[in-house]
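To start, the structure itself, in structure tokens.
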Amino acid sequence: MKSKLVDNQPQEVTNYLEIDPKEQDAVECVNEIFNTPLKGSYNWDYTVVDDRIKKLYELGKKLNWNVSDDLDWSQTHPKNEFLVNQDFRLVPDEIVGLDELTMEQRLEMDRHQVSWNLSQFLHGEQGALLVASQLVSCAPTFNAKMYAASQTFDEARHVEGFNRYLKEKIGFQYPATKGLKSLMDKILTDERWDLKFIGMQIIIEGLALAAFNNMKFILNDGLLKQLLHYVIRDEARHVTFGVNYLEDYLKTLSKSEIEDRAQFAFEACVVMRNRLISGEVISRFLDYTPEEAQEIAANTAQGQNFRVLLFTKIVPNLKRIGLLTDKVAPQYEKLGVLSYAELEDNFDIDWADMSKPYETQEEIEKAISGGHP
Ligand SMILES: [Fe+2]
Ligand SMILES: [Fe+2]
């Protein structure tokens, strides 16, 4: 296998159809190096406290699903049908020209939009995989190390699932947005383990949870909905772990250390809020530059609602762990998301709900159409 070192992720769209995976010489390993001053620790006290983290670890083991066997990959959504329900199409009405496209072009654009979104999910999942593996080393307590190990395997499955869908069902993949990439760089290379926790378990995963739920609701493809549903169940566990673990730890920090983390969390939120609007796809099909399309999309009522919706999980969790300080609260107010602080956080665990067996595709479909995405 060939290996190539790069300074940043290649910015072109990867077309899988041009690569024959049977030919090993055709596969190139493209690596970008990051250095991390990770401070790891052994834990020599093997007394296992039977706490919530241990219970979450047990659940993680019990609920291992298999991307290869538990999803029916023989299903392929018909090429002449939209992947996204057109009542919820991802292009805002303010973008003009969509109606002039041929049906073929509109179907192609639909594929590109789903690909762009799933590509962001895929890269975010790789980030989560790398961070979770760091947490095994640097989380201080025994149960947290064990939990992080089980999360690492969950994240591997998520990378596998999104990658497989993109490869087999769509055929091409987009690079990560600058915002997502820079946040992953920051989290992976910071030496403070709790900052990794805040960045990954609360911000990136909280946002992913809202984005996955939204995506699951607007899709037409049963296979992709099922994949997202299974990933969502894992992510809910990860966010719950983050909130439960951080709440106690952050109380031990000084006021200035807390403000430092609160400011980091806010900045991470700002970086991520533009993550799920793609000017790039619109500019491929319509007469806009990516920046123009991004700007219009971000400022429409639909775009703003969507960005705000992404904070429904993050804000109550930040409040719960003590990072919605008086100093940063006005900044969230400016983003229009402070009212979410009153929503339910992920601290209290509905064990029965979290432990239920994985639903079938039909059950997932029924729950979505019943208004319970
Ligand atoms: Fe994940
Ligand atoms: Fe996760």
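Basis for what follows: all heavy atoms, side chains included, without hydrogens, waters or symmetry-related copies. Worth saying up front: this structure is predicted, and the values here are computed from it rather than measured. Start at 1 and go down the list; that is how both ligands and their atoms are numbered.
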Describe, in one word, how the ring planes of [X] and [Y] are oriented to each other, choosing from parallel (under 30°), tilted (30 to 60°) and perpendicular (over 60°).
X: Trp44; Y: Tyr42; answer: parallel
X: Tyr245; Y: Trp193; answer: tilted
X: Phe121; Y: Phe162; answer: tilted

Have a look at [X] and say which of its N, O or S atoms is nearest the Fe ion (ligand 2).
X: Glu235; result: OE1
X: Glu205; result: OE2
X: His238; result: ND1

Tell me whether [X] has at least one N, O or S atom under 2.8 Å from the Fe ion (ligand 1).
X: Asp154; value: no
X: Glu125; value: yes
X: Glu155; value: yes
X: His158; value: yes

Electrostatic pair Arg157:Asp154 at N-O distance under 4.0 angstrom: yes

Tyr230 ring center within less than 6.0 Å of His158 ring center: no

Modelled atom types, side-chain donor and acceptor of Asn346 and Asn317, under 3.5 Å: yes

Asp234 backbone or side-chain N/O/S under 2.8 Å from the Fe ion (ligand 2): no

